[in-house]
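Just so you know, ligand 1 is whichever comes first in the structure, and atom 1 is the first atom listed for that ligand. Predicted model, so just to flag it, every value in this text is computed and none were measured.
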Amino acid sequence: MPSKLCDYEILYLIGSGSYGKCLKVRRKSDSKILVWKDMDYGSMTEPEKQQLVSEVNLLRELKHKYIVRYHDRIIDRSKSRLYLIMEYCAGGDLASLITKCRKDRSFLDEETILKIFSQLLLALQACHGQRRRNGNQGKVLHRDLKPANVFLDENNDVKLGDFGLARVLHHDTSFAKTFVGTPYYMSPEQMNKVQYNDKSDIWSLGCLIYELCALVPPFTAPNQKLLAVKIKEGQFRRIPSKYSNDLQECIASMLNLTSTLRPSLEDIMGSLMLRKYVKEYS
Ligand code: ADP
Ligand code: MG
């Protein structure tokens, strides 16, 4: 039986994001705490709606311990709204963690960073490994890897969220329109409007791990135009000296301006630094 909005009791608004509202809800049948994300598809064209449907179908199939579990979807045609019902992540997101560390002037331990890093690699591997059914669109890429989309659960394990939706929900992938905020993690090839590929996810992951260490993104600027210049130059400061050279070099390899020279997920997972973490958390 398809579920209905009235099967859920709204608890409160968690926040508003680039796609719509995110609410904490309780499923009436078993009191399970979940979140729902409501999205307006009213302004989408027919092909865009088709794509939204197929992306959401993909989300349903992504079942992995480090990926936010999608439970259900509800469509309210009269309001042109789509509701995605998902797992609730109690530990907050990495954006809040980074903000808190910056405020407290305390850096995360390298151990903690390597745990998050290895769990993110495993989540992305599960996602990249999944092929689209119709075959012609290839791998499932995340496309919107950023601290706000990485959650922690009650055990401080990673839960990666918001797969693939970036592509459907932002009508245009150009530099100016892709992000509502500042696109700190945009890869050089995305800026040049070259096709997004799995190495673009590696770039964003490199930016994310860098920011976990340094508490600021590798490339920063007061506006998008200057940010684009910084990204294309590809220069960034070393992560704080408390972190190992191995970690610094790994991040630097992921931030190679030439996408083909960046390591693959498997290359990173097989490195001496991460091997034992990946094994432990697999
Ligand atoms: P964004 O565009 O920032 O990713 P979202 O709609 O994904 O916006 O998120 C809005 C807010 O809801 C954020 O504060 C985010 O941390 C929170 N949030 C999103 N998904 C979940 C979830 N599954 N569990 C807990 N909090 C969530
Ligand atoms: Mg999000």
Just distances here: any N/O of V68 and N/O of ligand 1 closer than 3.5 Å? no
Reference residue F117; test side chain to side chain contact (heavy atoms under 4.5 Å, CB included); the match among L122, L205, L212: L205
Heavy-atom pairs closer than 4.0 Å: do any link ligand 1 to the side chain of K24, the backbone, both, or neither? neither
For the residue pair Y185 and E211, confirm or rule out a side-chain donor-acceptor distance under 3.5 Å. yes
Does the side chain of S204 come under 3.5 Å of the side chain of D201 through a donor N or O and an acceptor N or O? no
Heavy-atom check, side chain of K115 versus side chain of N156, under 4.5 Å: yes
Relative to the heavy atoms of [X], which atoms of ligand 1 are at a distance of less than 4.0 Å?
X: C22; value: 10 (C), 12 (O), 18 (N), 19 (C), 20 (N)
X: F151; value: 15 (C), 16 (O), 18 (N), 19 (C), 20 (N), 21 (C), 26 (N), 27 (C)
X: Y88; value: 24 (N), 25 (C)
X: V35; value: 22 (C), 23 (N), 24 (N)

Say whether, by atom type as modelled, one donor and one acceptor occur between the side chain of K230 and the main chain of T220 under 3.5 angstrom. yes
Quick one: which of N149, V150, D153 has a heavy atom closest to atom 4 (O) of ligand 1? N149
With sequence neighbours left out, write down each residue that passes side-chain hydrogen bond (donor to acceptor under 3.5 Å, both in side chains) with N155, or none if nothing qualifies. none
